[in-house]
Amino acid sequence: MLPDDVLAEVFDRLAPCSLAIFRGICKAWRTLVDGRRLLHKDLLPLSMARIFINYNERPYVQLLFCPCPCTELFPPWRSVVDHCNGLLLLVGGVLNPATGQWVPLPEPPLPCKGMERFTHNMYLVFHPFVSSDIEVFLIRRVPDRGDYDDIIKYGTDRW
Amino acid sequence: MAAPESGDGNNGAARMVTLISSDNTRFEVEAAAASLSQTLQLTILDGGGGGGDGIPLPNVDSATLSKVLEYCIKHAPAAANGGAPNATAVDRAELERFDNEFVNIDQSVLYSLIMAAHNLEIEGLQSLVAKKVADMIKGKSPMEIRRTLGFPDPTPEEQAEMNAHMLEYGWAYE
């Protein structure tokens, strides 16, 4: 069996997806992965701190449930566009409601020629297999057609 | 015109160094190839390993060292180009083909390589063996991985912990 230091070096080079699988193989590896914080748990959806609810007919979201007494860190005048791994995509930026960190989004890129009239949807996207970054995707909505053909990734940052 | 007599290593043939494995086999390689090892690089820069002296590597046996040097010799030209920003697609494809073939080896050899890459601090090789380790578990269940790696079957307590892990990290198994 490889010494811990050597194993940690190998583990540190693995994608989070593979690393998570190794963590589940035996107790020694779980201890190693957790003890050295190799898996960035802060990026993973491992616990639930609170639930927000966005009623269709209401312009902004409400805090529905919070297991601990907490002060509201959420700007109540903004509506939630999307959410992912505990982060909220609001109009104009991304909020981490657990820490209160707010990262404004850059100006969206100009639409391609011919797409000016179309509205767009925005999404928070994260897949640990691909990247440890959470990204914002802007997808133009093309009316009367089933496909979206102007997908622009325009904001990427670490939160 | 006569070649200058002083051998500062920059003229004519490439400078060679000698590495000595734990079982006392001597390997003569170009300094540029051996210098892929961060551990050896300083010694070589200080002029070590040349002439009759060799650099002893008490942690690496001859079979492993021979394999490691095969990697270093293949990768040295690209490394000399600063990570080969101007390498052609053909060169890169050839290195990739070599790398894939290189780690197509038994697990015992892979373990020796992982140890050697660690001891000699060869960044590219460390990444390559990690990739191989990741490939070994791709698409396998935790039980299959345990068997692949020669673990005994889990106790009921271990099995319960594995199940709990799979619940918590379900996304990793998708």
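Sequence lines set the chain letters: A, B, ... in the order given, protein chains first and strands last, and positions in each chain run from 1. This structure is a prediction, so every number in the text was calculated from the model and none was measured.
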(message) Is B/Glu158 close to chain A through its backbone or its side chain, or both, or neither, when contacts mean heavy atoms under 4.5 Å?
(response) neither

(message) For B/Lys140, is the NZ atom crowded, meaning more than 12 foreign heavy atoms sit under 6.0 Å from it?
(response) yes

(request) Please report the C-alpha distance between B/Glu123 and B/Ser127 in whole Å, then the side-chain angles of each, then the deciding distance to 0.1 Å, and finally whether the side-chain hydrogen bond (donor to acceptor under 3.5 Å, both in side chains) criterion is met. (result) CA-CA 6 Å; B/Glu123 173 58 37; B/Ser127 299; 3.2 Å; yes

(request) Sort B/Ile114 into side chain, backbone, both or neither according to what part of it lies under 4.5 angstrom from a heavy atom of chain A. (result) both

(message) Quick one, A/Tyr123 with A/Leu89, criterion side-chain contact (heavy atoms from CB on, under 4.5 Å). Give me CA distance, side-chain angles, the key distance, then yes/no.
(response) CA-CA 7 Å; A/Tyr123 302 91; A/Leu89 175 61; 5.6 Å; no

(message) Quick check for you: among B/Glu161, B/Gln126, B/Met162, which has the greatest number of heavy-atom pairs under 4.5 Å with chain A?
(response) B/Gln126

(request) Can you tell which part of B/Val129 gets under 4.5 Å to a heavy atom of chain A, answering side chain, backbone, both or neither? (result) neither

(message) Please check: side-chain N/O of B/Tyr71 versus main-chain N/O of B/Phe102, any donor-acceptor pairing under 3.5 Å?
(response) no

(request) For each of A/Leu19, A/Leu7, A/Val10, A/Ile21, tally heavy-atom pairs with chain B at distances under 4.5 Å, and name the one with the top tally. (result) A/Ile21

(request) For residues A/Val136 and A/Leu124, determine if any side-chain heavy atom of one lies less than 4.5 Å from a side-chain heavy atom of the other. (result) yes

